[in-house]
Structures are given as C-alpha cells and as structure tokens.
Engineer: 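First the structure, which I've put down as structure tokens, then a few questions once you've had a look.
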Protein chains: 2
Amino acid sequence: MKKIVVVEDENRLRENIIEILQMEGYETFAASNGKEGLHEIKKNNPDIILCDIKMNDYDGYWLINELSKSEKFLNIPFIYISAKVDRIDIRNGMSLGADDYITKPFTRAELVSAINIRLKRKEDFIKNIDDSETITPIVAAQVREQIKNLTSSEKRILKLITENRTSQDIAAELFISIKTVDNHRSNIAHKLQIKGHLSLLKYCLNYKSIINEFEK
Amino acid sequence: MKKIVVVEDENRLRENIIEILQMEGYETFAASNGKEGLHEIKKNNPDIILCDIKMNDYDGYWLINELSKSEKFLNIPFIYISAKVDRIDIRNGMSLGADDYITKPFTRAELVSAINIRLKRKEDFIKNIDDSETITPIVAAQVREQIKNLTSSEKRILKLITENRTSQDIAAELFISIKTVDNHRSNIAHKLQIKGHLSLLKYCLNYKSIINEFEK
DNA sequence: TCATAAATAGGTATTAATACTCATATAGTA
DNA sequence: TACTATATGAGTATTAATACCTATTTATGA
C-alpha cells in the first residue's frame with residue numbers, strides 16, 4: 001500500500017484530501033504544518049508527499065528546505081498545493097526542488113490524477129516498463145475516426161460492451177431484442193473492419209479509454 | 001496530430017528522438033539550438049517542447065527565459081533533457097519554469113512515457129476526465145495478490161490471453177494441447193475467483209497493465 | 001516412501017458471440 | 001415520389017470459451 005504524507009493547515013481541506021486518498025487505497029499520514037509533516041515523513045518514509053505551499057508557520061517552503069538537507073528524502077516525489085494558477089508563482093515551489101503541483105481549488109480527479117501519474121512515472125523509471133500496451137496517438141486517431149462513423153445506437157451499444165455487459169444484458173437495459181443488439185454488433189464489426197470470434201469484445205476492452213471519450 | 005518541437009544540438013540524438021516521436025504519431029519540428037527552437041515554436045505553436053538544457057549556444061536556459069517573456073508560451077509543457085541524474089542540477093531547469101525533465105541516457109520508453117504523461121495530464125486538467133476506468137491502488141493490490149498465487153504455467157498463459165491470443169493460438173505457441181490450455185484457463189479462473197462466460201478474457205484485458213508487471 | 005502440487009491431456013455439454021440472410025417500419029433526402 | 005440510412009427483429013449455423021469430469025506423469029517435500 002502506497003503511503004502519502006499530507007501537509008495542509010486548513011482542517012476542512014486536509015480532511016477532504018485524506019478521505020479521497022483513503023478511498024483510493026492509499027495509506028495517509030496527516031500533518032497541519034511543515035514541522036509535523038517532517039516528523040511524519042521521517043517516521044513513515046512515504047512514497048509521496050503532498051504539501052500546501054502557504055501555511056501560517058513552518059510552511060511548504062520551510063519543509064522543502066528541510067527535506068533538501070538530506071539525500072534520503074530527495075527521492076520522494078513532492079507535490080505541492082498552490083493557491084494561484086500563475087506560472088510565475090508556481091516557480092517558487094519548483095525552484096526549491098518540488099516535482100509537481102496542483103492549484104487550488106482542485107477537483108477530486110485532479111488530485112488523484114496528479115498523484116497517480118507521479119507514482120506511475122516513478123515506477124516507469126525504476127522498472128523501465130515497456131509501454132507496448134500504450135495506445136499511441138496514431139492508433140488513437142484511427143480508432144476515433146472509425147467510431148465517428150457509427151450511428152448513435154451503435155455507439156451506445158459499443159459503450160455498454162466496454163462495461164463488460166453481455167448482449168442479453170444490453171438488450172434488457174435498452175428494452176430491445178437480443179437479436180437487435182447482435183445485429184448492431186455485426187454492423188459495428190463491419191464498420192470497424194474487424195472480424196472473428198470475440199474480436200469486437202477485445203476491441204472494446206482494448207480501446208476502452210478512447211470509446212469513453214465519446215458522449216453518453 | 002500533436003506537435004512537438006525538439007531542440008537538441010547533438011545531431012545523432014536529435015535524429016533518434018525525432019524518429020521515435022514520428023513513429024509514435026507526433027508531428028515533429030527539429031532545432032539544433034535555442035534560437036532555432038524559438039523560431040519553430042513561434043511558427044508552429046506546438047503542444048509540447050522537448051529541449052536539451054546544455055547546448056553550445058542559445059541553450060535550454062536561454063530558451064526557457066525567452067519563452068517566459070510571453071504569456072502565450074507559458075502554457076506549452078516544457079520538458080528538458082539533462083545530462084545529470086543529480087536532483088540539485090535538475091532544479092536549475094525546474095526553477096526556470098520547466099514542467100518536467102528526462103535524464104540522459106534515456107530509453108525510448110522513458111521518452112515516450114514522459115511526453116505521453118505530460119500531454120495526458122494536460123488533457124486531464126482541461127477535460128477533467130472521470131477516472132472511473134482507472135484501476136485504483138486498492139484494486140491493483142488485490143489483483144497482484146491473486147496473480148501471485150498462480151503457477152508459472154498459469155501466469156504464462158494469462159499473459160498470452162492479455163495479448164488477445166486464443167486457446168488454439170496459445171496451444172500452438174507452447175507446443176501443448178488445446179485441452180491443456182483450457183484446463184489451465186479453468187484453474188486460473190478458480191484461483192482468481194471468477195466464473196462465467198468470457199470472464200477470464202475480460203479480466204485479462206481489464207487488468208492487462210497489472211498482469212504485465214509480472215516477469216515473462 | 002508417501003503425499004501433494006503441477007503440468008499434461010481427453011470427454012461431453014453448455015453458453016455467448018459471431019456470420020450470414022432476410023424482413024419491416026420509419027425518418028430524412030434527392 | 002423514390003431512395004437511403006437507421007433501428008428493429010428473426011432464423012440458422014458455427015466458433016471459442018467455459019463447466020465439470022477423469023486420468024497420467026513428474027517433481028518436490030515431509
């Protein structure tokens with residue numbers, strides 16, 4: 001389980017962040033100022049640090065500065081929270097050695113995304129994972145083109161297939177016959193230029209992220 | 001098609017990077033120093049900038065400084081290439097407002113990963129994509145636990161299923177009977193506590209990234 | 001030596017998806 | 001008006017995967 005130290009002096013925001021991160025499966029350690037944060041970091045050796053840059057005492061700048069005194073902590077990704085979107089301000093944090101930042105107010109998705117990406121990135125560098133599984137932009141563009149040519153019923157069914165739904169299930173959901181669903185499946189397969197057993201299912205699961213770009 | 005300006009004075013490395021990025025489906029614009037780079041950026045309005053920090057004349061520092069004079073360019077993600085792994089050195093680039101960095105020598109996967117992640121991150125923030133599709137750490141941990149309990153034959157077959165291979169195909173690859181493959185599939189399904197038609201295939205495609213963490 | 005796990009293989013039945021053909025109603029367009 | 005695309009539904013056959021059985025060989029550990 002990945003460990004995160006969260007340093008934030010606004011109680012409401014801190015608790016909010018903690019709750020989100022716990023739901024995402026992280027082990028969290030809370031601190032309301034930099035000094036407490038440093039204590040938690042030394043004690044728990046987290047995988048990532050999330051810290052507000054502006055706090056009343058022992059703020060983010062102080063913490064970054066303390067951490068930079070020891071080699072040991074330089075390798076822990078440090079993400080800071082800044083109140084301003086302005087790039088010039090962001091630099092102050094980055095100049096002290098932070099790895100990333102998010103700006104207030106941020107959404108749940110932004111928070112989770114920033115943390116997941118930074119951890120994934122770190123793992124990528126360590127394990128040097130081959131990204132043969134990654135959908136390259138050129139493939140993504142082709143897939144998007146093909147999906148554009150589907151009718152709205154076809155797109156609706158395509159999206160349901162990505163959710164692991166069976167034809168029977170989809171038929172029940174849309175109040176139509178299984179035969180209708182299967183006919184749509186056949187037509188979709190033709191338009192996507194795929195054929196063979198389970199090829200449509202495989203297509204949907206493989207390009208799930210692209211299919212979900214389209215409106216519901 | 002995403003546009004990338006690549007600024008690198010070592011011809012060999014630059015051509016290498018360009019080739020990789022073109023194969024990944026990006027539109028590339030090459031420059032061998034900061035001044036040329038600035039010209040390409042102004043002309044082509046790229047989605048991302050990749051720039052070596054140390055070059056003979058008009059280096060990365062110069063380019064970042066020039067770009068920071070105009071609001072217009074502040075929103076283009078800037079990734080720089082640094083020769084040293086040392087974090088202290090990295091800061092010099094970050095302090096000037098860069099968004100990310102990669103260190104020489106880097107692999108193809110590192111390069112592509114850094115660029116894709118930065119672009120994805122930007123899109124995430126713009127479109128605020130819901131990450132319902134994202135595998136949360138808690139789910140990932142459970143999946144890893146389950147896969148650990150598989151035998152090596154089972155793991156081998158599991159990995160082949162994630163590659164869209166059929167039982168027939170896998171049997172041919174491993175010089176074993178289809179029945180053997182299907183028996184392994186059944187045993188795997190039991191260990192993974194899944195049942196039902198196509199559930200194993202769906203499991204494999206959904207947790208592809210986790211399954212591929214395991215050694216070949 | 002005995003017990004167990006793992007890998008191998010076969011049999012038989014069922015299920016969901018696909019291939020292919022056909023048919024009907026409706027809405028929009030040349 | 002006639003044509004076309006779309007959505008709906010059915011029939012029939014095939015395929016790949018799954019469920020549930022049994023069985024043999026080999027290696028490993030108590």
Side-chain angles (χ1 to χ4, degrees), chain A residues 143-208 211 214-216, chain B residues 143-208 211 214-216:
Chain A
V143 171
R144 276 185 207 101
E145 261 325 294
Q146 289 183 309
I147 296 173
K148 270 183 199 161
N149 293 326
L150 300 181
T151 67
S152 57
S153 296
E154 286 165 352
K155 271 186 265 192
R156 197 182 317 130
I157 287 172
L158 200 71
K159 288 177 81 71
L160 289 168
I161 298 172
T162 65
E163 293 170 12
N164 284 333
R165 315 279 291 266
T166 63
S167 291
Q168 194 177 5
D169 196 14
I170 294 169
E173 164 102 13
L174 304 179
F175 299 105
I176 54 177
S177 160
I178 297 178
K179 289 309 294 183
T180 304
V181 176
D182 281 340
N183 285 337
H184 280 308
R185 291 181 86 124
S186 286
N187 294 332
I188 293 168
H190 275 118
K191 288 190 185 175
L192 300 182
Q193 295 168 305
I194 53 177
K195 52 183 170 181
H197 203 245
L198 309 184
S199 59
L200 181 56
L201 176 63
K202 290 173 179 178
Y203 184 100
C204 286
L205 294 179
N206 279 126
Y207 299 126
K208 189 186 282 196
I211 292 167
F214 290 80
E215 75 290 339
K216 291 168 187 175
Chain B
V143 171
R144 275 187 207 100
E145 260 326 294
Q146 289 183 309
I147 297 173
K148 267 182 200 160
N149 292 326
L150 300 181
T151 68
S152 57
S153 296
E154 287 165 351
K155 271 186 264 191
R156 197 183 316 130
I157 287 172
L158 201 71
K159 289 178 80 71
L160 289 168
I161 297 172
T162 65
E163 293 170 12
N164 285 332
R165 314 279 292 266
T166 63
S167 290
Q168 194 178 4
D169 196 14
I170 294 169
E173 164 101 13
L174 304 179
F175 300 105
I176 55 177
S177 160
I178 297 178
K179 286 310 294 183
T180 305
V181 176
D182 281 340
N183 285 336
H184 280 308
R185 291 181 85 125
S186 286
N187 295 333
I188 293 168
H190 276 117
K191 289 190 185 175
L192 301 182
Q193 294 168 303
I194 52 177
K195 53 183 168 181
H197 203 244
L198 309 185
S199 60
L200 181 57
L201 175 63
K202 289 172 180 178
Y203 185 99
C204 287
L205 295 179
N206 279 126
Y207 300 125
K208 189 185 282 194
I211 292 167
F214 289 81
E215 75 292 338
K216 291 166 186 175

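Just so we're on the same page: letters track the sequence lines, and every chain starts at 1. All values derive from a computational prediction rather than experimental measurement. Reckoned from all heavy atoms, side chains included, excluding hydrogens, waters and symmetry mates.
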Engineer: Does A/S177 have a side-chain nitrogen or oxygen under 4.0 Å from the phosphate oxygens OP1 or OP2 of D/dA10?
Structural biologist: yes
Engineer: Could you state the atom-to-atom distance from CD1 of B/I178 to P of D/dT18 in whole Å?
Structural biologist: 14 Å
Engineer: Tell me the interatomic distance from B/I176, atom CD1, to C/dG10, atom P, rounded to whole angstroms.
Structural biologist: 11 Å
Engineer: Using a heavy-atom cut-off of under 4.0 Å over every strand shown, decide if A/T180 touches base, sugar-phosphate, or nothing.
Structural biologist: base
Engineer: Return the nearest nucleotide to the side chain of A/N183; candidates are D/dA10, C/dA7, D/dA19.
Structural biologist: D/dA10
Engineer: Between residues 196-204 of chain A and DNA chain D, which residues have a heavy-atom gap below 4.0 Å?
Structural biologist: A/H197, A/L198
Engineer: Scan side-chain atoms only and decide if B/Y203 and B/Q146 contain a donor-acceptor pair under the 3.5 Å cut-off.
Structural biologist: yes
Engineer: Supply the atom-to-atom distance A/L200 CG to A/I194 CD1, rounded to the nearest 0.5 angstrom.
Structural biologist: 4.5 Å
Engineer: Establish, with yes or no, whether the OP1 or OP2 oxygen of C/dA16 is under 4.0 angstrom from a side-chain nitrogen or oxygen of A/T166.
Structural biologist: no
Engineer: Report yes if some heavy atom in the side chain of B/Q168 is under 4.5 Å from a heavy atom in the side chain of B/V181; otherwise report no.
Structural biologist: no
Engineer: Tell me, do B/L174 and B/L160 make a side-chain contact under 4.5 Å, heavy atoms counted?
Structural biologist: yes
Engineer: For the atom pair CG (B/N187) and CG (B/L192), what is the distance rounded to the nearest 0.5 Å?
Structural biologist: 10.5 Å
Engineer: Classify the nucleic acid contact of A/N187 as base, sugar-phosphate or nothing, counting any heavy atom under 4.0 Å across all strands shown.
Structural biologist: nothing
Engineer: Can you name the one residue among B/H184, B/K159, B/K191, B/R185 that meets side chain to side chain donor-acceptor pair (under 3.5 Å) with B/E154?
Structural biologist: B/K191
Engineer: Would you tell me if any nitrogen or oxygen in the side chain of B/S152 comes within less than 4.0 Å of OP1 or OP2 on C/dA7?
Structural biologist: yes
Engineer: Look at the side chain of A/D182 and decide which nucleotide, out of C/dT18, D/dA17, D/dG9, has an atom nearest to it.
Structural biologist: C/dT18
Engineer: Specify the angle, to 10°, made by the local axes at the two ends of the helix from C/dT1-D/dA30 to C/dA30-D/dT1 when five pairs are taken at each end.
Structural biologist: 30°
Engineer: Check the side chains of B/N164 and B/D169 for a donor-acceptor pair under 3.5 angstrom, ignoring hydrogens and angles.
Structural biologist: no
Engineer: A/K155 NZ to D/dA7 P: how many Å, rounded?
Structural biologist: 10 Å
Engineer: From CG of A/L160 over to P of C/dA17, roughly how many Å is that when rounded to an integer?
Structural biologist: 13 Å
Engineer: Examine C/dA6: is either OP1 or OP2 under 4.0 Å from a nitrogen or oxygen in the side chain of B/T151? Give yes or no.
Structural biologist: no
Engineer: Take atom CG of A/L205 and atom P of C/dA17, then tell me their distance rounded to the nearest Å.
Structural biologist: 11 Å
Engineer: Starting the side chain at C-beta, find the nucleotide from C/dA7, C/dT18, C/dG11 nearest to B/K179.
Structural biologist: C/dG11
Engineer: Between A/R185 (CZ) and D/dA7 (P), how many Å, whole number?
Structural biologist: 17 Å
Engineer: Quick check for you: among D/dC21, D/dA10, D/dA7, whose closest atom lies nearest to any side-chain atom of A/H184?
Structural biologist: D/dA7
Engineer: Just how far is it from atom CD1 of B/I211 to atom CG of B/L205, taken to the nearest 0.5 Å?
Structural biologist: 8.0 Å
Engineer: In whole angstrom, what separates B/I157's CD1 from D/dA16's P?
Structural biologist: 17 Å
Engineer: Distance check, rounded to the nearest 0.5 Å: A/K202 atom NZ versus B/I161 atom CD1?
Structural biologist: 9.5 Å
Engineer: Between A/H190 and A/Q168, just flag the one whose closest nucleotide in DNA chain C comes earlier from the 5' side.
Structural biologist: A/Q168
Engineer: Could you state the CD1-P distance from B/I188 to D/dA17, rounded to the nearest angstrom?
Structural biologist: 13 Å
Engineer: Just wondering, do B/N206 and A/K208 contact through their side chains at under 4.5 Å, heavy atoms?
Structural biologist: yes
